[in-house]
2 protein chains.
Amino acid sequence: MKHLLQTIKIEVNKKTYLKDPESSDLGKRIVEHSILMIHEIGFEAFTFKKLGIRIGSNESSIYRYFENKHKLLLYLTSWYWGWLEYQLVFATNSISDPKERLQKAIEIITKPVVLDTSFSHINEVLLNNIIINEYSKSYLTKEVDTENKEGYFEIYKRMVLRISEMIEHIDQDYPFPVSLSSTVLEGTLHQYFLAQHFPSLTDCNKQISPTEYFTHLVFNSLKPNTNG
Amino acid sequence: MKHLLQTIKIEVNKKTYLKDPESSDLGKRIVEHSILMIHEIGFEAFTFKKLGIRIGSNESSIYRYFENKHKLLLYLTSWYWGWLEYQLVFATNSISDPKERLQKAIEIITKPVVLDTSFSHINEVLLNNIIINEYSKSYLTKEVDTENKEGYFEIYKRMVLRISEMIEHIDQDYPFPVSLSSTVLEGTLHQYFLAQHFPSLTDCNKQISPTEYFTHLVFNSLKPNTNG
DNA sequence: TAAGATATGATAGTAATACTATTATATTTG
DNA sequence: CAAATATAATAGTATTACTATCATATCTTA
């Protein structure tokens with residue numbers, strides 16, 4: 001099982017990179033340190049020049065892996081959703097009871113991320129923080145429709161659809177399964193952001209977890225409502 | 001009443017501007033055309049230089065009103081939330097029944113924005129679209145904590161708290177009133193964004209309104225649940 | 001092991017951005 | 001009419017986001 005995990009490779013849209021960063025040492029260091037740097041100084045202040053200095057490499061070499069920092073962000077975010085999707089499928093696959101399965105899915109999506117040693121050059125905890133603080137910027141652009149057509153958001157969309165299918169499976173009459181699913185995915189990021197920067201705008205804190213909030217939210221929307 | 005509305009001025013944090021844009025013709029043209037331009041080319045591509053050319057004025061003159069385009073975005077977003085808060089208070093003020101009041105509040109927040117002729121230099125429909133597409137960028141920054149302390153997000157926070165108080169008023173035992181409130185506010189923007197760019201990730205469309213979705217979501221979370 | 005291919009590094013250069021500073025010219029007000 | 005204020009014009013700077021070219025190091029394989 002451990003061995004199986006170690007041979008897994010998260011597949012992201014090949015258009016996000018010019019050269020697969022997993023294929024070389026330099027590529028892995030680019031990914032590793034871009035996560036550290038974006039976490040430290042934010043996506044706006046992050047540049048390939050600064051990254052080059054940090055990893056003792058050259059700006060021009062980084063450009064051989066990624067067209068620009070936007071594409072790098074698309075790579076990182078796709079990787080993250082691919083990784084989370086793997087956790088989701090792995091954890092819910094064997095659960096036959098629809099409610100239990102959805103409950104587990106919500107748990108996987110909403111619980112705090114912990115380090116996964118299977119991918120040594122990627123710090124999933126920091127990457128999750130980048131997703132919380134920067135993910136919206138990957139799609140709140142004028143190019144979103146083109147990039148959507150080119151498949152840059154496929155994994156995320158698959159995630160939303162997976163959850164919405166689980167919702168439909170429990171209550172076929174519920175009129176908003178996809179909206180509820182996208183609300184949970186996006187809302188989770190938002191509640192974590194609020195907990196960090198606007199604690200007065202969320203009930204989520206050390207006592208109350210996003211998992212509790214969203215579990216309550218989802219199961220009270222669905223019928224037959226046996227939750228409570 | 002019409003007259004009353006016309007004398008209303010939406011108060012935004014004075015730190016967002018160097019000189020009040022409402023105090024002069026040039027100021028109003030800056031605001032008016034910044035809304036048009038950001039809507040057209042997006043916040044990233046928008047610059048003071050381009051705006052200057054468009055309004056037949058000079059880059060340096062615009063800098064006398066706003067420190068930079070980030071502050072201008074803070075001005076526009078604060079104005080928008082101030083305007084929406086006014087709609088909210090005006091519409092819910094006289095309703096004494098807690099459920100009816102919350103229902104009306106959700107309606108105000110979630111329904112499509114229509115032009116308000118009280119503010120002739122501001123196109124609220126386009127501004128709403130800017131909020132949908134750009135609002136997150138005003139707080140997803142490394143400076144968010146400082147700017148929060150300086151009061152740049154006060155109006156938005158007040159909105160979230162108003163709704164959460166209405167929720168608490170209906171169900172004092174509901175454990176997540178603030179999270180539910182912030183989910184409705186943020187989620188509304190997100191559902192409109194999805195409807196525009198990722199229609200497969202939302203149920204909201206011409207047949208199903210965000211109002212229906214969020215009304216269902218909120219009232220099913222609360223007890224006594226007499227909704228359905 | 002030499003020849004060629006490929007990866008990386010170093011340097012230079014460009015257009016645009018996000019400003020700041022200074023000076024000039026209108027316009028308004030007292 | 002003079003002084004104050006608002007706006008415009010011009011120039012200049014550091015940084016960003018690249019592109020292009022050439023040099024060098026390393027790896028492959030015949």
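Naming convention: chains lettered A, B, ... in sequence-line order (proteins, then strands); numbering from 1 in each chain. Please read these numbers as outputs of a predicted model, since none were measured by experiment.
Residue B:E59 places its side chain closer to C:dA18 than to any other of C:dA18, D:dT7, D:dT21. Proximity note for B:S60 (side chain, C-beta onward) versus D:dT10, D:dT7, D:dA20: the nearest is D:dT10. Nearest nucleotide to the A:S57 side chain, out of D:dT7, C:dA18, C:dG9: C:dG9. Side-chain atoms of B:R64 lie closest to D:dA8 of the nucleotides D:dA8, C:dT8, C:dG9. With D:dA8, C:dG9, C:dT20 as the candidates, the nucleotide lying closest to the side chain of B:N58 is D:dA8.
At whole-Å resolution of the value, NZ in B:K50 and C1' in C:dA18 are 12 Å apart. We find that CD1 of A:I55 is positioned 12 Å from P of C:dA10, with the value rounded to whole Å. Rounded to whole Å, atom P of D:dA17 lies 13 Å from atom CG of A:L73. B:F46 places its CZ atom 13 Å from the C1' atom of C:dA18, with the value rounded to the nearest Å. When the P atom of D:dC18 is taken as reference, atom CG of A:L18 falls 11 Å away, rounded to whole Å. A straight line from CG of B:L26 to P of C:dT28 spans 13 Å, rounded to a whole angstrom. Atom CD1 in A:I53 sits about 12 Å away from atom C1' in D:dT15, given to the nearest Å. Whole-Å rounding puts the A:R29 CZ to C:dT8 P distance at 9 Å.
No side-chain donor from either of A:T202 and A:Y213 sits under 3.5 Å from a side-chain acceptor of the other. Checking B:Y139 against B:T77 by side-chain atom types alone, no donor-acceptor pair falls below 3.5 Å.
Residue A:K19 places no side-chain N or O under 4.0 Å from the OP1 or OP2 atom of C:dT6. Considering only side-chain N and O atoms, A:K69 lies nowhere under 4.0 angstrom from the phosphate OP1 or OP2 of D:dT16.
One finds a salt bridge joining B:K157 and B:E154 here, because a Lys/Arg side-chain nitrogen approaches an Asp/Glu carboxylate oxygen to under 4.0 Å. Using a cutoff of 4.0 Å between basic side-chain nitrogens and carboxylate oxygens, B:K9 and B:E22 are not scored as salt-bridged.
Toward the 5′ end of DNA chain D lies the nearest nucleotide of B:D25, the other residue of the pair A:H70 and B:D25 mapping further downstream.
Within the nucleic acid shown, A:T47 comes within 4.0 Å of sugar-phosphate atoms alone, with no base atom in reach, counting heavy atoms only. Within the nucleic acid shown, A:Y65 comes within 4.0 Å of sugar-phosphate atoms alone, with no base atom in reach, counting heavy atoms only. Using a 4.0 Å heavy-atom cutoff across all strands shown, B:E67 reaches sugar-phosphate atoms only and no base atom. Residue contacts shown for A:F48 are absent, as no nucleic acid heavy atom lies under 4.0 Å away. Residue-level contact check: B:K49 touches neither bases nor backbone, having no heavy atom under 4.0 Å from any strand.
In this structure, B:Y156 has its ring center under 6.0 Å from that of B:Y135.
A:N133 places a side-chain N or O within donor-acceptor distance of the main-chain N or O of A:N129, the cut-off being under 3.5 Å.
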